[in-house]
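Before any comments, here is the structure.
In what follows, residues are counted from 1 in the order of the sequence shown. These numbers were taken from a predicted model, which means no experiment stands behind them.
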Amino acid sequence: LFDAGNVISLGLFLSPLPTFVTICKKKSVEQYSPMPYLAFLFNCMMWVLYGIPWVHPHSILVITINGSGLVIQLIYVLLFIAYSTGQKRLQVIVMLLVEVAYVVAVGVLVLTLAHTYDRRSLIVGSMCVFFGTMMYVAPLSVMKLVIKTKSVEYMPLTLSLASFLNGLCWTSYAVIRFDLYVCVQYYIDRRGFGLQIPNGLGVLFSTAQLILYGVYYKSTQRLLEERKRKAETGMTAVVVPDENGLRPPPRPEIRESI
């Protein structure tokens, strides 16, 4: 189940790929939100910090899966910056710099002030649980947009479905592998409760997203068809220049003489 969870986690990191293919084709982020990708990137950076030998030794699987996620999410964020403009681009750049500075500061302070592996693991692991929870809360902004516009156009189905499967797998792993009472008492050392909190919320929020997708799917299709019809109507109304690049003169207005 642990290996399956790592495979599904990799699928979760790759799930926004169709969205970014669309963004690259249109050369615009339109109304897509950067929050899920920034949250995923930050979560991966924190888990990589947790898995380094000086914080929590023998955590090669934590480093490999989250290191892969870090590279993938960083590419997404850089693409988002490249195809966004104005205030949105500036906001993403600032948030990215803040995330990097925070992780570096935490790493320096933990390695300097905490002198045992248990203390370092406890501090960084607690932050990972908290920010892992925030990672699943991030799509709430997208859900708000869906309800407001009655359209799921900017809430990718692949990301919602992958989040659901990832949260379900890791929550099941935490429940099967660890006793709940022990997990509550030693939530970082045993790591079961640390998996249950964020991934349990992941199941909850991703289920809500899938329900919203089902509720607003038909209305989204109607909106897209209406937009397509308007675009086609606008194209037929365009006056095409002649072979010399000149537009035909307007027709003279004919008035009836009394």
Checklist outcome for this item: Rounded to the nearest 0.5 Å, the OG atom of Ser33 sits from the CG atom of Leu38 at a distance of 8.0 Å
Checklist entry - Would Tyr213 and Ser160 count as a side chain to side chain contact (heavy atoms under 4.5 Å, CB included) if you check the C-alpha gap in whole Å, the side-chain angles of each, and the deciding distance to 0.1 Å? => result CA-CA 9 Å; Tyr213 199 94; Ser160 301; 5.9 Å; no
Checklist entry - Is there side-chain contact between Thr158 and Leu17, with heavy atoms separated by less than 4.5 Å? => result no
Checklist entry - Between Phe80 and Tyr37, how do the two ring planes meet: parallel, tilted or perpendicular, split at 30° and 60°? => result tilted
Next on the checklist: Starting from Val92, can I reach Leu90 by hopping between I/L/V/M/F/W/Y residues whose side chains sit under 4.5 Å apart?
Outcome noted: no
Next on the checklist: Starting from Trp54, can I reach Ile63 by hopping between I/L/V/M/F/W/Y residues whose side chains sit under 4.5 Å apart?
Outcome noted: no
Checklist outcome for this item: Separation between CD (Gln91) and OG (Ser84), nearest 0.5 Å, reads 9.5 Å
Checklist entry - So which heavy atom on Trp47 is nearest to which on Val62, and how close? => result O-CG1, 3.5 Å
Next on the checklist: Under a 3.5 Å distance rule, please check whether Lys88 uses its side chain to pair with a backbone N or O of Glu30 as donor and acceptor.
Outcome noted: yes
Item to check | Min side-chain heavy-atom separation Thr220-Val146 under 4.5 Å | outcome: no
Checklist entry - At what distance, to the nearest 0.5 angstrom, does CE of Met127 lie from CZ of Phe42? => result 8.5 Å
Checklist entry - So which heavy atom on Leu49 is nearest to which on Val106, and how close? => result CD2-CG1, 3.8 Å
Checklist entry - Between Leu223 and Ser151, which heavy-atom pair has the shortest distance, and what is it? => result CD1-CB, 3.8 Å
Item to check | Transitive ILVMFWY side-chain link Phe40 to Leu97, under 4.5 Å | outcome: yes
Item to check | Any Pro16 side-chain heavy atom under 4.5 Å of Tyr76 side chain | outcome: yes
Checklist entry - What's the spacing between Leu12 CG and Leu165 CG if we round to 0.5 Å? => result 9.5 Å
Checklist entry - Any sub-3.5 Å donor-acceptor pair from Arg89's side-chain atoms to Ile81's backbone N or O? => result yes
Item to check | Salt bridge present between Glu226 and Arg222 (N-O < 4.0 angstrom) | outcome: no
Next on the checklist: I'd like to check Asn43 versus Cys128 (side-chain heavy atoms, cut-off strictly below 4.5 Å). Are they in contact?
Outcome noted: no
Checklist entry - Going only through I, L, V, M, F, W and Y residues with side-chain contacts under 4.5 Å, is there a path from Val108 to Tyr117? => result no
Next on the checklist: Using the rule given for side chain to side chain contact (heavy atoms under 4.5 Å, CB included), can you reason through Thr19 versus Leu159, listing the C-alpha separation, both sets of side-chain angles and the distance that settles it, and then say yes or no?
Outcome noted: CA-CA 9 Å; Thr19 299; Leu159 180 59; over 6 Å; no
Checklist entry - Do Met45 and Gln73 touch side chain to side chain, with heavy atoms closer than 4.5 Å? => result no
Checklist entry - Should Leu157 and Leu210 count as side-chain neighbours, where that means a heavy-atom distance under 4.5 Å? => result yes
Next on the checklist: Between Thr22 and Lys26, is the side chain to side chain contact (heavy atoms under 4.5 Å, CB included) condition met? List the steps.
Outcome noted: CA-CA 6 Å; Thr22 302; Lys26 294 184 177 181; 3.9 Å; yes
Next on the checklist: For Val55, is there any backbone N or O sitting under 3.5 Å from a side-chain donor or acceptor partner on Ser121?
Outcome noted: yes
Item to check | Check: Lys150 main-chain N/O paired with Ser219 side-chain donor or acceptor under 3.5 Å | outcome: yes
Next on the checklist: Evaluate Tyr102 against Phe131 for side chain to side chain contact (heavy atoms under 4.5 Å, CB included), listing each step before the verdict.
Outcome noted: CA-CA 12 Å; Tyr102 182 89; Phe131 291 117; 3.8 Å; yes
Checklist entry - Does the side chain of Ile147 come within less than 4.5 Å of Tyr216's, by heavy atoms? => result yes
Checklist outcome for this item: Of all heavy-atom pairs linking Val152 and Leu212, the shortest is CG1-O, 3.8 Å
Checklist entry - Which distance, rounded to the nearest 0.5 Å, do you find between the OG of Ser15 and the CG of Leu161? => result 9.0 Å
Checklist entry - What are the two closest heavy atoms between Leu74 and Leu41, and how far apart are they? => result N-CD1, 3.9 Å
Checklist entry - Can you find a pair of side-chain heavy atoms, one from Val71 and one from Phe13, that are under 4.5 Å apart? => result no
Checklist entry - Once you round to the nearest 0.5 Å, how far does CD1 of Ile72 lie from CG of Leu14? => result 4.0 Å
Checklist entry - Are any side-chain N or O atoms of Arg120 and backbone N or O atoms of His56, one a donor and one an acceptor, separated by less than 3.5 Å? => result no
Checklist entry - Under a single-linkage definition using a 4.5 Å side-chain heavy-atom cutoff for Ile, Leu, Val, Met, Phe, Trp and Tyr, are Leu109 and Phe130 assigned to the same hydrophobic cluster? => result no
Checklist outcome for this item: For Asn66 and Cys44 the tightest heavy-atom approach is O-CB, 3.5 Å
